[in-house]
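This report refers to the structure that appears directly beneath it.
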Protein chains: 2
Amino acid sequence: MNRLTPSPSPSTVADTDRRTMVLDSAMVTFARFGYRKTSMEEVARAADISRPGLYFLFSSKDSLFRAAVTQALERDLAAVEHVLADTGRPLAERLLAAFDQWAGRYIGPLTRDVAVVIEDNPGLLGEIVVTTPQRFEQLITNAIAVEAKVEAKQAAAGQVAQTMISASTGLKHQAASRDFYLERLEVAIDLLVR
Amino acid sequence: MNRLTPSPSPSTVADTDRRTMVLDSAMVTFARFGYRKTSMEEVARAADISRPGLYFLFSSKDSLFRAAVTQALERDLAAVEHVLADTGRPLAERLLAAFDQWAGRYIGPLTRDVAVVIEDNPGLLGEIVVTTPQRFEQLITNAIAVEAKVEAKQAAAGQVAQTMISASTGLKHQAASRDFYLERLEVAIDLLVR
DNA sequence: ACTATACAAATCAAGACTAGTGCGTATAGT
DNA sequence: ACTATACGCACTAGTCTTGATTTGTATAGT
């Protein structure tokens with residue numbers, strides 16, 4: 001029906017890039033001012049297109065926001081998957097990098113707003129905000145279970161993953177900087193997968 | 001000068017109890033409606049004294065709130081200390097009980113408000129809200145260090161304590177019920193002090 | 001060592017009104 | 001496959017007034 005299904009038209013690739021780029025700048029704008037105080041005018045200006053043009057790409061402010069957040073989360077999850085797949089590196093190292101992609105990069109003074117605007121609008125976003133963390137947990141659990149040699153440790157992989165995620169969540173609230181978050185989380189990971 | 005210094009008068013004990021009881025009901029009222037929307041009239045009514053009588057005991061709304069929060073935190077910390085001191089019980093068990101006193105009991109639908117009203121008014125409360133958690137961390141660290149037989153584990157006691165607190169903080173945000181919090185934290189503690 | 005009553009001053013909630021902003025759509029043009 | 005312009009509708013922000021609360025204190029009484 002539209003660009004969600006790949007079409008043979010020659011401009012499809014360019015169109016997809018357009019949407020992607022618009023969603024990127026939209027996410028930044030939403031993060032900066034919050035959902036409510038961000039106008040479609042501002043999003044359009046940031047994306048360097050007209051406001052009606054924006055409505056041509058996204059049917060409403062809601063759906064634009066959902067699409068922007070979905071893209072961001074999906075991208076993060078893909079990065080997490082990619083980092084964890086590099087079995088050449090030690091497990092602890094991969095886990096730290098995975099958590100950094102998932103949460104660490106949203107801790108600084110500016111980037112924090114991204115996490116905030118997502119957590120502030122669960123009603124608008126629907127199930128994405130609950131399913132994506134679940135998929136993240138599954139990825140972490142698998143990465144730990146695969147590495148575990150003893151059976152007992154394999155069974156505990158889920159518990160280790162959950163504890164690690166709780167520690168990460170706590171640190172997200174305690175940490176003022178990405179570096180602080182990473183330092184503390186590295187310690188936590190070492191304690192939990194040793 | 002006043003009741004902060006023990007006086008030889010025969011009514012001193014009764015006075016202290018009065019203040020204590022007033023502070024208890026005040027804390028409940030503040031938690032229920034928030035600091036701003038709680039009137040001195042309501043606090044007085046809940047404590048079953050007159051409003052001028054309340055001003056006789058506490059010079060202002062600010063100082064009443066500070067005193068109420070301080071007493072609650074101090075009591076929690078004392079309970080934590082007491083639980084940890086019972087060296088007859090296994091370490092993991094004592095730690096779980098300690099965290100339950102510190103955070104777990106403030107997770108349910110009603111009790112949550114206590115934690116919220118404290119976190120919502122850091123400006124009014126001053127340094128209490130930062131020093132008390134530090135003292136809690138110290139208590140946990142000591143409890144772990146004392147138990148550790150190997151030197152290496154003693155050195156890591158601080159790291160274990162910090163990780164445990166981060167997990168607890170994360171769980172406080174993830175958990176809807178006290179039971180969920182306790183189940184997950186028990187797992188975390190077992191993983192960290194095994 | 002309080003209670004009951006009262007009071008000035010400050011703060012706050014409610015209502016009404018106005019001006020402005022923003023969403024979604026339509027239309028004409030390129 | 002868009003841009004430019006415009007329009008109706010809803011909603012929000014700001015302003016003002018008015019009435020009610022609330023704070024802190026004072027005073028008289030027990």
Side-chain angles (χ1 to χ4, degrees), chain A residues 1-23 25-26 29-68 117 120-121 123-125, chain B residues 1-23 25-26 29-30 32-68 117 120-121 123-124:
Chain A
M1 186 83 81
N2 54 22
R3 276 153 205 79
L4 294 177
T5 4
S7 97
S9 103
S11 58
T12 295
V13 176
D15 284 357
T16 306
D17 282 353
R18 197 180 208 2
R19 283 178 66 95
T20 304
M21 287 168 58
V22 170
L23 288 177
S25 69
T29 311
F30 278 127
R32 211 163 178 72
F33 304 112
Y35 175 79
R36 262 193 45 203
K37 305 192 79 175
T38 298
S39 68
M40 293 294 270
E41 170 65 34
E42 264 169 355
V43 173
R45 202 186 314 140
D48 207 43
I49 60 175
S50 71
R51 195 169 65 90
L54 184 55
Y55 275 97
F56 177 82
L57 292 173
F58 303 95
S59 63
S60 70
K61 192 182 176 182
D62 287 30
S63 73
L64 166 64
F65 184 56
R66 259 190 300 273
V117 79
D120 278 1
N121 301 281
L124 289 170
L125 294 169
Chain B
M1 186 90 71
N2 53 23
R3 276 151 205 83
L4 294 179
T5 3
S7 97
S9 105
S11 58
T12 297
V13 174
D15 285 358
T16 306
D17 282 353
R18 197 178 219 343
R19 285 177 64 98
T20 304
M21 287 168 58
V22 169
L23 288 177
S25 69
T29 311
F30 278 127
R32 211 163 179 71
F33 304 111
Y35 175 78
R36 258 195 47 204
K37 304 193 81 175
T38 298
S39 68
M40 293 295 269
E41 170 65 35
E42 265 168 354
V43 173
R45 202 184 315 141
D48 205 44
I49 60 173
S50 71
R51 197 169 63 87
L54 185 54
Y55 275 98
F56 176 82
L57 292 173
F58 303 95
S59 65
S60 70
K61 191 180 176 183
D62 287 32
S63 74
L64 167 62
F65 183 57
R66 259 190 300 273
V117 78
D120 278 1
N121 301 282
L124 289 170

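In what follows, every chain begins at residue 1, and chains take the letters A, B, ... in the order their sequences are listed. Predicted, not measured: the structure shown is a model, and the values here were computed from it.
Across the protein-nucleic acid pair, E42(B) atom CD and dT22(D) atom P stand 7 Å apart, rounded to whole Å. Atom P of nucleotide dG22(C) and atom CZ of F58(A) are separated by 20 Å, given to the nearest angstrom. In this entry the distance linking CE of M40(B) with P of dT25(D) reads 10 Å, nearest Å. Residue F30(A) contributes atom CZ, which lies 13 Å from atom P of dG22(C) at whole-angstrom precision. Computed from coordinates, the F56(A) CZ to dT3(D) P distance equals 10 Å when rounded to whole Å. Between the OH atom of Y35(B) and the P atom of dT11(C) there is a distance of 13 Å, given to the nearest Å. Protein atom CG of D62(B) is 12 Å distant from nucleotide atom C1' of dG24(D), rounded to whole Å. If you take CZ of F33(A) and C1' of dT21(C), they are 15 Å apart, rounded to a whole angstrom.
Among residues two or more places apart in sequence or in another chain, the side chain to side chain contact (heavy atoms under 4.5 Å, CB included) test is passed with R45(A) by E41(A), E42(A).
Comparing K37(A) and Y55(B) against DNA chain D, the residue whose closest nucleotide sits nearer the 5' end is K37(A). If you find the closest nucleotide of DNA chain C to R36(B) and to S59(A), the one lying nearer the 5' end belongs to R36(B). Positionally, the nearest nucleotide of DNA chain D for L54(A) lies more toward the 5' end than for the other of L54(A) and S60(B).
For the pair K37(B) (side chain) and F30(B) (backbone), a donor-acceptor distance under 3.5 Å is absent. Side-chain N or O atoms of R51(B) include none that pairs as donor or acceptor with a backbone N or O of M40(B) at under 3.5 Å.
Taking 4.5 Å as the limit, every side-chain heavy atom of L57(A) sits out of range of all side-chain heavy atoms of L64(A). Side-chain atoms of K61(A) and V43(A), non-hydrogen and from C-beta on, never get closer than 4.5 Å to each other. Within the 4.5 Å cutoff, the side chain of F65(B) has heavy atoms near those of the V117(B) side chain.
In terms of heavy-atom proximity, F58(A) sits nearest to A67(A) at CE2-CB, 4.0 Å.
Side chain of R18(A), nearest nucleotide from dC12(C), dT3(D), dC2(D): dC2(D). Side-chain atoms of K61(A) lie closest to dC23(C) of the nucleotides dC23(C), dT23(D), dA13(D).
Judged by distance alone with a 3.5 Å cut-off, a donor-acceptor contact links the side chain of R51(B) to the base of dG24(D).
Using five terminal pairs a side, the axes of the helix from dA1(C)-dT30(D) to dT30(C)-dA1(D) at its two ends make an angle of 40°, given in steps of 10 degrees.
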